[in-house]
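Note sheet for the following structure.
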Amino acid sequence: MSLEYVSTRNNQTKITASQAILKGLADDGGLFVPTEIPALSCSLEALSKMNYQEVAYEVMKCYLTDFTEEELKHCINSAYDSKFDTEEIAPLAKVGDVYYLELFHGATIAFKDMALSILPHLLTTSAKKNQVKNEIVILTATSGDTGKAALAGFADVPGTSIIVFYPKNGVSPIQEKQMITQKGANTHVVGIKGNFDDAQSGVKAMFNNKELAEVMDKTGYQFSSANSINIGRLVPQIVYYVYAYTRLLAHGEVKDGEKINVVVPTGNFGNILAAYYAKNMGVPIQKLVCASNENKVLFDFFRTGTYDKNREFILTSSPSMDILISSNLERLIYLIAGEDSAKCTELMKALSEKGSYSITDDMKAKLADFTGGYATETQTAEMIKETYEKENYIMDTHTAVAGYVCREYQKNSGDTTKTVVASTASPYKFTRSVMSAIDSKYADMEDFALVDELNRLSGVDVPNAINEIRTAPVLHDIVCDKTEMQATVEKILGL
Ligand SMILES: *Cc1c(COP(=O)(O)O)cnc(C)c1O
């Protein structure tokens, strides 16, 4: 059975999975969604006996129906290999009575690797299937982690080049160092004077610019996206929720069919949306808890039904969640609007024109599976310190936001359902914030001294991703104004 994709803003035109992956964003500015969410292809029991790669195949084949078995298995096996530092790929760590699903064992030590290590393979396979002759230019806005993971995934991949925009003053020192030391002749990294939303809006504007697309095509280029709006990122992320449940089953932590809750530290709403898809495929998930930092636009949305980005943008210690426009929410809006693309278009128009929209009561009723929470900077730091002192487990700032929200949710609701918290980055990626949370005496120490100290406290080996950048030379130093993003792209590509 083949599954087709439509835009959230026009569901009349249907395209294949590989075409949706190539395009990234629909021409009308909408996001691609499958015409239905498929059911799991085999039982949870059967999946519990498979390894990560096998589970990935069983899940992804339901969505990427125009890929052959050979093509899809090749993509999966090229992605989930020794780039990950554990054969489990996404291990579960039991900390107290909560299971932390560690999604940071890939090349750049953030959960973005889970999707971005496979996206280049999905994209080049899609290009071949659709006889694309142009060079594919990956254009990406990053709040820190996507950029590095995408650079690592696409570096020196034939037929592609990649341009990453990041907020010059909005990422951690280690995140910035990881990006500006990236090797590969086809990689470009640009800091912008602006925040993540500026970077994302600038990239979206270029995707929607038809004149630019024509000039690109004449010169032998076309854009695609590595941002989480690409369906080629969403689909691989569904896999680890299926995997997590089936590991709990395999280890006897849950009985077959027993419900679990999932808590996800959220920014662009990609990761938690994948959990929602997993639930709708048949994974027994009860509540989806959306955890925000002080940029709590989603917390307010789930509480009131009004999405309002008109507020101060706060720089926090969890920069990958410093986002006021959560792009992937559009996919959920489309679904709860009853797959009404006119309604979805109207709300998204209000968002871009007024910066806010309100959903109907009917739509709100369909959000019963979701609940929101948030953690302040102090609460996030306390969570890191307490978990270290009580459980001897050191988590990063993003995971700590979710850990805190999880604890508060359990306390306030009395819900004792077993819970999986998505752990989205290694503490080594945010060493300064993590170590300062544990003890203020670390505030004056230099970044790599802190890395060694974190190693001493946690007993967890320093990842290669960190050792590599200790001495790596800076290879990228372009900085531009947020209004000059297109001019910068034109210069890089020689248009
Ligand atoms: C990207 C990221 C998030 C947010 O994920 P979304 O899919 O954008 O909601 C959370 N934590 C870390 C470490 C990230 O890199």
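Note that ligands are numbered from 1 as they come in the structure, with each ligand's atoms numbered from 1 the same way.
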Legend entry - Ala425: numbered ligand 1 atoms lying under 4.0 Å from its heavy atoms: 13 (C)

Inset, instruction - Mark up the atoms of ligand 1 that fall under 4.0 Å of a heavy atom belonging to Thr266, in ascending order. - result: 9 (O)

Inset, instruction - Do me a favour and list the nearest non-hydrogen protein atom to atom 4 (C) of ligand 1 with residue, atom name and distance? - result: Gly267 N, 3.5 Å

Inset, instruction - Using the six-membered ring wherever Trp is involved, compare the ring planes of Phe370 and Phe302 and label them parallel, tilted or perpendicular (cut-offs 30° and 60°). - result: parallel

Inset, instruction - With heavy atoms of Phe269 as the reference, note each atom of ligand 1 found under 4.0 Å away. - result: 6 (P), 8 (O), 9 (O)

Inset, instruction - Could you list the atoms of ligand 1 found under 4.0 angstrom from a heavy atom of Pro265? - result: 4 (C), 10 (C)

Inset, instruction - Measure the distance from atom 8 (O) of ligand 1 to every protein heavy atom, then report the residue, atom name and distance (to 0.1 Å) of the closest one. - result: Asn268 N, 2.7 Å

Inset, instruction - Give the atoms of ligand 1, by number and element, whose distance to some non-hydrogen atom of Gly270 is under 4.0 Å. - result: 6 (P), 7 (O), 9 (O)

Legend entry - Flag, side chain of Ser326 to backbone of Asn328, donor-acceptor distance under 3.5 Å: no

Legend entry - Flag, side chain of Asn293 to backbone of Ser318, donor-acceptor distance under 3.5 Å: yes

Inset, instruction - List the closest protein heavy-atom neighbour of atom 11 (N) of ligand 1: residue, atom name, distance to the nearest 0.1 Å. - result: Thr424 OG1, 2.8 Å

Legend entry - Interfacing atoms of ligand 1 (cut-off 4.0 Å, heavy-atom, Lys112): 1 (C), 2 (C), 3 (C), 14 (C), 15 (O)

Inset, instruction - Assess whether side-chain contact (heavy atoms from CB on, under 4.5 Å) is satisfied between Ile162 and Thr160, documenting all intermediate values. - result: CA-CA 7 Å; Ile162 171 163; Thr160 72; over 6 Å; no

Legend entry - Mutual orientation of the aromatic rings belonging to Phe301 and Tyr357 [parallel < 30°, tilted 30-60°, perpendicular > 60°]: perpendicular

Inset, instruction - Among all protein heavy atoms, pick out the one at the shortest distance from atom 7 (O) of ligand 1; state its residue, atom name and that distance to 0.1 Å. - result: Asn271 N, 2.9 Å

Legend entry - Sidechain-backbone polar pair: Ser224 side chain, Leu22 backbone, donor-acceptor under 3.5 Å: yes

Inset, instruction - Note the single closest protein heavy atom to atom 5 (O) of ligand 1, along with its residue, its atom name and the distance in Å. - result: Phe111 CE2, 3.5 Å

Inset, instruction - For the pair Asp145 and Lys429, find out whether any cationic side-chain nitrogen is under 4.0 Å from an anionic carboxylate oxygen. - result: yes

Inset, instruction - Apply the side-chain hydrogen bond (donor to acceptor under 3.5 Å, both in side chains) test between Tyr409 and each candidate in Thr371, Thr419, Asp415; give the one that qualifies. - result: Asp415

Inset, instruction - Enumerate the atoms of ligand 1 whose separation from the nearest heavy atom of Asp145 is less than 4.0 angstrom. - result: 12 (C), 13 (C), 14 (C), 15 (O)

Legend entry - Contact check, Ser228 vs ligand 1, heavy-atom distance below 4.0 Å: no

Inset, instruction - For His476 and Gln182, indicate whether the former's side chain and the latter's backbone hold a donor-acceptor pair under 3.5 Å. - result: yes

Legend entry - Distance-only N or O hit between ligand 1 and His398, under 3.5 Å: no

